[in-house]
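Each remark here refers to the structure printed beneath this line.
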There are 2 protein chains.
Amino acid sequence: MASTDPLKRALKKEGLRYTQQRQSVWDELCATDDHRDAEEIYLAIRQSELHVSRATVYRTIDVLVKNKMVRKLDLGDGRARYEHKMNATHHDHLICIQCGKIEEFVDEVIESRQDEIVKNFGYKLVRHIHQLFIICDECKTP
Amino acid sequence: MASTDPLKRALKKEGLRYTQQRQSVWDELCATDDHRDAEEIYLAIRQSELHVSRATVYRTIDVLVKNKMVRKLDLGDGRARYEHKMNATHHDHLICIQCGKIEEFVDEVIESRQDEIVKNFGYKLVRHIHQLFIICDECKTP
DNA sequence: TATATTCTGAGACTCATTCTCAATAAGAAA
DNA sequence: TTTCTTATTGAGAATGAGTCTCAGAATATA
C-alpha cells in the first residue's frame, strides 16, 4: 500500500472527496516504477476485486498530475505514460525505439544550459521535454 | 514553387509515382518556415484550384518524413506539426504554452552531452526530442 | 435521519489519423 | 499513340486515446 497521506492531502487541497477508486489508482501507480499507460493502470486495478472505470482512472490521474504526484510522459506514440514521483528526483528519459525500454538520465550541464538558453531569449522556462531515442544493447544486432 | 528535384528523387528511391497531389503537398510545406499541422496544409492546398484529400496529405507527408525532407514535431497537444528541412540545420524548439509561438534554438554543449550520455549507457542515439516550454515576452503579464 | 453535493460507470462522443475500396491516373510496353 | 498493368486517389468508414454526459450511488453536512 502506498502512502495514503499525500493523496488525502492533495484531495483536500482540491476540495475533492477521498474515495476507494482514487486510492486504488494512486496505489497502482505507486506499485511499480514503470512507465505505464492508462489502460495498463486500469487493467491492473481490475485484476483486483475493486471495480473502477476507465473514466475514473483518467480523472484521477489528472488530479495526481495537477498536484505533481505523477508525471505524464509523451513518448510520441499516441498514448501517455505515467510515473509516480514519490522519492523521485528530476530526470529525463532514454527510450529504445525497438523494444520500448525506458531508462532515466540526469545531466546538470544540460539543465543549466537550458536555463541559459531561455534566459537569453528573455523568456521564463516552465517545463521541458528531453528524450533520447536509442537502440539498446539487447536490440543491437551483432 | 519549391525545388521539385528532391521530391522526384525521393519518390523514385521509394519506387513511387510522381503526382500533382504529391507535388502540391511538398510545395505547400516549403511555402513557409512555419510549423503547421496536416489540416492547415490540407486547407492551404484546397485554397488553390487543386483538389487533394486529407488522406493524400497524410500519406504524402509520411513519405517526406521518411525521406528526411520534412520533420514531424510532437508538441504534446494531440496534433503533429511539420516543418520542411530545405536548407535547415538541426535545431530544437522553444514553445510558448500561452500563445503557441515556436522559436528555434541550437546548443552545441547540449548536443555533445547527449552523445556522451548515450555513449556511457553503451547505446546508439537515433534521434532526440528537446522542447523547452516557456512563457514568451508578450504573454508575460506585467 | 434528511438533504445537498460530489463521484462514479457505461457508453456516447471527439478528433487526429489511418484504412478501405472502387474509380482514376501514371508509366511501361507495344 | 494506344493498351495494359499497377499505383494512387478520394470519400467516407474505422480506429483509438481520451473526454463528456447524466442518472444512480456514495459521501458529507444539517
Side-chain angles (χ1 to χ4, degrees), chain A residues 4 7-8 10-29 35-67 70-82 100, chain B residues 4 7-29 35-46 48-67 70-82 100:
Chain A
T4 153
L7 209 215
K8 287 188 170 162
L11 292 174
K12 179 155 285 178
K13 186 187 139 228
E14 298 285 329
L16 300 173
R17 292 177 180 170
Y18 171 83
T19 65
Q20 281 301 303
Q21 287 85 341
R22 285 171 175 160
Q23 179 71 56
S24 73
V25 173
W26 175 233
D27 284 348
E28 190 51 50
L29 279 160
H35 308 81
R36 289 177 292 170
D37 61 32
E39 187 68 13
E40 287 172 309
I41 301 297
Y42 166 74
L43 291 175
I45 298 171
R46 282 251 163 162
Q47 294 269 289
S48 71
E49 70 291 354
L50 189 68
H51 184 95
V52 192
S53 68
R54 260 173 268 260
T56 295
V57 171
Y58 279 106
R59 284 185 287 226
T60 304
I61 288 175
D62 283 347
V63 176
L64 299 174
V65 169
K66 188 174 172 194
N67 283 273
V70 165
R71 173 142 75 135
K72 181 178 185 171
L73 302 178
D74 179 354
L75 271 39
D77 64 351
R79 70 209 144 98
R81 312 304 160 87
Y82 303 95
Chain B
T4 152
L7 210 217
K8 288 188 170 163
R9 216 179 307 129
L11 292 174
K12 179 155 284 178
K13 184 185 141 230
E14 297 285 328
L16 300 172
R17 292 176 180 173
Y18 172 82
T19 65
Q20 281 300 304
Q21 286 86 341
R22 284 171 175 159
Q23 179 70 59
S24 72
V25 173
W26 174 234
D27 284 348
E28 189 51 48
L29 279 160
H35 309 81
R36 290 177 293 170
D37 61 31
E39 187 68 14
E40 288 171 308
I41 302 298
Y42 166 73
L43 291 175
I45 298 170
R46 282 251 163 162
S48 70
E49 70 291 355
L50 188 69
H51 185 96
V52 192
S53 69
R54 257 174 273 258
T56 295
V57 170
Y58 279 106
R59 285 186 288 226
T60 304
I61 289 175
D62 283 348
V63 175
L64 299 173
V65 169
K66 190 174 170 195
N67 283 274
V70 165
R71 174 142 73 137
K72 181 177 184 172
L73 302 178
D74 179 353
L75 272 40
D77 64 352
R79 70 209 145 99
R81 312 302 160 88
Y82 304 95

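Naming convention: chains lettered A, B, ... in sequence-line order (proteins, then strands); numbering from 1 in each chain. Keep in mind that what you see is a predicted model, and the values were worked out from it rather than measured.
Nearest nucleotide to the side chain of B/Tyr58, out of C/dT18, C/dC19, D/dA26: C/dT18. Nearest nucleotide to the A/Ala38 side chain, out of C/dT17, D/dG18, D/dT19: D/dG18. With distances taken from any side-chain atom of B/Thr19 to the nucleotides C/dA10, D/dT9, C/dC19, the minimum falls on D/dT9. Of all nucleotides listed (D/dT27, C/dA10, D/dG18), C/dA10 comes nearest to the side chain of A/His51.
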Kindly determine whether A/Tyr18 and A/Arg22 satisfy side-chain hydrogen bond (donor to acceptor under 3.5 Å, both in side chains), including the steps that lead there.
CA-CA 7 Å; A/Tyr18 171 83; A/Arg22 285 171 175 160; over 6 Å; no

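Atom CD1 of residue B/Ile45 and atom CG of residue B/Leu50 lie 7.5 Å apart, to the nearest 0.5 angstrom. Rounded to the nearest 0.5 Å, atoms CZ (A/Arg46) and CD (A/Glu39) are 9.5 Å apart.
One can place CG of B/Asp62 at 15 Å from C1' of D/dT9, the figure rounded to the nearest angstrom. One atom, CZ of B/Arg79, and another, C1' of C/dT18, lie 19 Å apart when rounded to the nearest Å. In this structure, OH of A/Tyr42 is placed 10 Å from C1' of C/dA10, rounded to the nearest angstrom. What separates CG of A/Leu11 from C1' of D/dA28 is a distance of 14 Å, to the nearest Å. Across the protein-nucleic acid pair, B/Gln23 atom CD and C/dA25 atom P stand 18 Å apart, rounded to whole Å. The interatomic distance linking A/Arg81 (CZ) with D/dG18 (C1') rounds to 14 Å, in whole Å. The separation between A/Ile61 atom CD1 and C/dT8 atom P is 13 Å, rounded to whole Å. If you measure from atom CD of B/Gln20 to atom P of C/dT24, you get 18 Å, rounded to the nearest angstrom.
Note on B/Arg46: only backbone sugar-phosphate atoms sit closer than 4.0 angstrom, heavy atoms only; bases stay farther off. Nucleic acid contact for B/Arg17: base, since at least one base atom lies under 4.0 Å from a heavy atom of the residue. Among the atoms of the strands shown, only primed sugar atoms or phosphate atoms (P, OP1, OP2) are found under 4.0 Å from some heavy atom of A/Arg22.
Of the candidates B/Asp62, B/Leu64, B/Val57, B/Thr60 forms a side chain to side chain contact (heavy atoms under 4.5 Å, CB included) with just one, namely B/Leu64.
Nearest-nucleotide positions on DNA chain C for A/Arg59 and B/Arg59 put A/Arg59 closer to the 5' end. A residue-by-residue look at B/Ala55 and A/Ala80 shows that B/Ala55 has its nearest nucleotide of DNA chain D further toward the 5' end.
A sub-4.0 Å separation between OP1 or OP2 of C/dG9 and a side-chain N or O of A/Thr56 is present. Between B/Gln21 and the phosphate of D/dG10, there is a side-chain N or O to OP1/OP2 separation shorter than 4.0 Å.
In this structure, the side chains of B/Val70 and B/Lys72 stay at 4.5 Å or more apart for every pair of heavy atoms.
Judged by distance alone with a 3.5 Å cut-off, no donor-acceptor contact links the side chain of B/Arg54 to the base of D/dG12.
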